[in-house]
Amino acid sequence: MKFNTKVIHGGQHPDAATGAVMTPIYQTSTFAQTSPGKPIHPDYEYARATNPTRSALENALASIENGAKGLAFSSGLAATDCLIRTLKAGDEIISMDDLYGGTYRMFTRIYKDSGIKFHFIDMNDLDKFQSLINENTKLVWVETPTNPLMKLADIEAISKITKKHKILFAVDNTFATPYLQKPLDLGADIVMHSATKYLGGHSDLMAGALVTKEAELGDKLHFQQFATGGILGPMDSFLVLRGIKTLHLRMQRHCENGQKVAEFLKNHPKIKAVYYPGLPSHPFHDLAKKQMKAFGGMVSFNFKSGEMNDAISFLEKVKIFTLAESLGGVESLANHPINMSHASVPAEKRLEVGITDDLVRLSVGVEDIEDLLADLEQALA
Ligand SMILES: Cc1ncc(COP(=O)(O)O)c(C=O)c1O
């Protein structure tokens, strides 16, 4: 199956009990047994381990990411945490330095006393990356494109190095989605998603996902998830599954609108820099063309004045864009990273990677582009 068919049919079957075409919401915590240890259905015993609605979503996730196994979690951070928990004291992780603030907070604060060592580096400096690898290096963590500066990392080039050293390589594919980029095909071992974003697609749930290239690693992570409990409930599993069925349609419009918003901002007299990989001036435009199908709906920018007040004034005036955390839904959202999504990153670290006080991040939705541009125009005026 090709991608647009997979989002609808990948890993899906009519319900075995009733023939229902859409997977029912199996709102149950437990499953009957005929004799102790003999469940009626061999796959279902207790819903922390497996639930048919979640299984249908997990099969869809594996299918669209071209992986062997998918796992659905209660949030993106729960998915990340499940993976990091498989490491032990003494292990080292090499991570990209420009990350979603919550991921950075988890790595630096929750795992502070774990004995796991994190290195935060520019993953485009492959010499520096290779110089940090030693026998304790167990995982490489990359977000591409990054939140909020839209930096890219070369998945294929990094995977050649991780394969040589037998290090696991995980990619946070939240911004791109498998419609635009397939990390497992490019050599990564694990894909992570905040499914709260484009996969769910309607800003009506929280969910996370891990997809593994190999079934064995997927089984190990499934055990970890079962034993620690960060699972996605059946209702939200159903909603993500439904969201995925229109992923390709939504992403196409997000990309069209994202490109037009980026071009509009680039030509606006009050704007200094626009961060969008679809602009030829973007430092990673060529890499984006190589590893992504198109450029997505996330656009960041800052002001010629460099003043935080200009960003705040703009964000108070937008009408169709809603000032809110999150991204990836059908509606357009606007965010002030230093006060919102990246408030948990220390100020000096933010400045080091380029998250300035006047930076604004837009999640461009699927509304009519004329209305979106008019809204930006009036808020900038
Ligand atoms: C790129 C990225 N990764 C991970 C997360 C965390 O996901 P969640 O909020 O679903 O826990 C987010 C949330 O904004 C994100 O933008």
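Remember, it's 1-based here, ligands and their atoms both numbered in the order they're listed.
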Quick one: look at Lys197 and ligand 1, take heavy-atom pairs under 4.0 Å, and tell me if it's side chain, backbone, both or neither. side chain
Using a plain distance cutoff, I'd like to know if Thr103 has any nitrogen or oxygen under 3.5 Å from a nitrogen or oxygen of ligand 1. no
Answer yes or no: does an N/O atom from Glu143 fall short of 3.5 Å to an N/O atom of ligand 1? no
Mode of Leu77 contact toward ligand 1 - side chain, backbone, both, neither (heavy atoms, under 4.0 Å): both
Would you tell me whether Gln12 and Asn59 have side-chain atoms, one donor and one acceptor, within less than 3.5 Å of each other? no
For Ser75, take its heavy atoms, then give the atoms of ligand 1 lying under 4.0 Å from any of them. 10 (O), 11 (O)
Tell me, please, which residues at least two apart from Arg253 pass salt bridge (Lys or Arg N to Asp or Glu O under 4.0 Å). Glu256
Identity and separation of the nearest protein heavy atom to atom 6 (C) of ligand 1: Tyr100 CE2, 3.5 Å
Would you call Arg85 and Asp81 a salt bridge, using N to O less than 4.0 angstrom? yes
Which of the atoms of ligand 1 are close to Ala207, meaning less than 4.0 Å from one of its heavy atoms? 10 (O)
With nothing but distance in play, are any N or O atoms of Gly76 less than 3.5 Å from an N or O of ligand 1? yes
Identified ring pair (Phe, Tyr, Trp, His ring centres under 6.0 Å) partner of His254 from the options Phe295, Tyr198, Tyr276: Tyr198
Name the closest protein heavy atom to atom 4 (C) of ligand 1, giving the residue it belongs to and the distance to 0.1 Å. Asp172 OD2, 3.6 Å
His193 near ligand 1, heavy-atom distance under 4.0 Å? no
How many angstroms lie between CD1 in Ile8 and NZ in Lys245, if you round to the nearest 0.5 Å? 7.5 Å
Quick one: CE on Met150 to CG on Leu152, what's the gap to the nearest 0.5 Å? 7.5 Å
Between ligand 1 and Ser341, can you find any atom pair, the residue atom being a heavy atom, that is separated by under 4.0 Å? no
If we count only N and O atoms by modelled type, under 3.5 Å, do the side chains of Lys197 and Ser194 hold a donor and an acceptor together? yes
Using a 3.5 Å distance criterion without hydrogens, assess whether the side chain of Asp91 forms a donor-acceptor pair with backbone atoms of Lys138. no
Could you list which atoms of ligand 1 come closer than 4.0 Å to a heavy atom of Asn147? 16 (O)
